[in-house]
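Fair warning: this is a prediction, and the values are worked out from it, not measured in the lab. Every number for a ligand or one of its atoms is a count from 1 in the order of the listing.
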Amino acid sequence: MKAVKFGGTSMSTADSILRVSRIVKSDAERRFVVVSAPGKADGENKVTDMLVAVAAARPTDRAKLFAHVRERFENIVAGVGLPVGFLKSELDGIERALETAGRDYIVSRGEYLSAYILAELLGYEFVDAAKLVKFNGEFYDDDYTESVCKIGLAGRRSAVIPGFYGSNGNGDIVTFSRGGSDISGAIIARAVGASLYENFTDVDGFMTCDPRVVPHASVIDVLTYKELRELAYMGANVLHPESIFPVRKANIPIHILNTFNPQACGTKIVPTEEFLSGKYKRTKKMPITAIAGRQHFYSLHIDKSMMNSEVGFVRRVLSCFEQFGIAIEHIPSGIDSMTVVFSSVEQSVVNALTEAIQNEVKPDHISLTTDVALIAIVGHGMKARPGTAARAINRLSNADINLRMIDQGASEINIILGVSDDDFERALVALNGEFEV
Ligand code: ASP
């Protein structure tokens, strides 16, 4: 049995929702369906963005702004052929609650309503995510959700469930971060013991490189959970980066598919160990699976003679970052120097951080570089195979691109290269050319 999730573009218009309904009906295994709110379409904004604006308005102005959301759903209801007024009592109920409701309740109503419509079209039960997905205050509670969800869905043949939100102990609605319906889909897939989590979106799958920069990038047919984490972190944003955790616990593969091109093979994301043991075959036999990158990092370079024999030096530097709540990305280091790479922060924070490090470890020299782009070369194929880093570095050097930093963990699943923001796109093209991923 399969759990299926459809994203915002798939749910954006009456036509696309009818398409979704055909896709679900074409496979009897597709019994549990999770949906996003309608996304952008025909010059209309994402419903979630419209609702964010409703929630941000003065309570007495909310109903006026909500009228547009109401109209959008009424058009969808008419377009899919449901009776006029099918959503009336739901929409009225939401409208009445607007003045006193919390932000997350308002923002989550797009998912609620689109699930309500699809359930009717499919003849599946509608089950509110508030009863299944549990938060402790504002934090998602995975263990509790797992048991509540299993009980809540036990014995049901099929259901449509809104993505993106759940509820906390007070019964208040709480949302995940944006794009969170992917996480909901994974939670439901695990709860019902699905053999596959199909995630329908509006692209053919994960690409070997960003197609806006490298136009001939191709779809990766098989990716492991580990490779996905590396790529998602580096900005390949087909899936919410946290959506992997619930399914990984249960070894359920994810299949990324395109609602608008359902025949395409898509990308299967599979348990790492099963891939390494040969259960899944990848069409392309390259040492590299994909290349992804992000711009606008900072790197702080710290020099001090005899640094490596000063016990606790690195810990004290890192405690300064912790003090300012700055997450660290990478720490390449030399004998008498270390570099800390982190996402850009405000100048005042950098100044305070630098001062704190000066006081804490009294470095000989400290300097900041503000235009760092990181590129990750990712793939299990490079493990124990000499030459990958050499090829990457050579290629960058031949393209006259200065390599500022290189970092490779012992797991040998990725090599991280730091270049300047200005060289970022040229570096992606050059590296892609080298490995032709
Ligand atoms: N509708 C929400 C968003 O736009 C959640 C989702 O689609 O996953 O972020």
Q. Is R404 salt-bridged to D371, going by a charged N under 4.0 Å from an acidic O?
A. yes
(Q) Given 3.5 Å as the limit, does a donor-acceptor pair link the side chain of E227 with the main chain of H380, or not? (A) yes
Q: Could you tell me which residues satisfy side-chain contact (heavy atoms from CB on, under 4.5 Å) with N258, sequence neighbours excluded, listed by chain and number?
A: D204, F260, N261
(Q) I'd like to check the side-chain hydrogen bond (donor to acceptor under 3.5 Å, both in side chains) partners of D221; sequence neighbours left out, ordered by chain and number. (A) T283
Determine all donor-acceptor pairs shorter than 3.5 Å in which one atom belongs to a side chain in residues 122-130; sequence neighbours excluded.
unit_1 : atom_1 : unit_2 : atom_2 : d
Y124   : OH     : R30    : O      : 2.8
E125   : OE2    : R156   : NH1    : 2.3
D128   : OD1    : A130   : N      : 3.1
D128   : OD1    : Y165   : OH     : 2.5

Q. Between Y105 and R109, is there a cation-pi geometry (under 6.0 Å to ring centre, at most 45° from the normal)?
A. yes
Q: Using heavy atoms and a cut-off under 4.0 Å, could you grab the residues that are in contact with ligand 1, chain by chain, numbers ascending?
A: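 Correct list: S36, T48, E111, F164, R178, G179, G180, S181.
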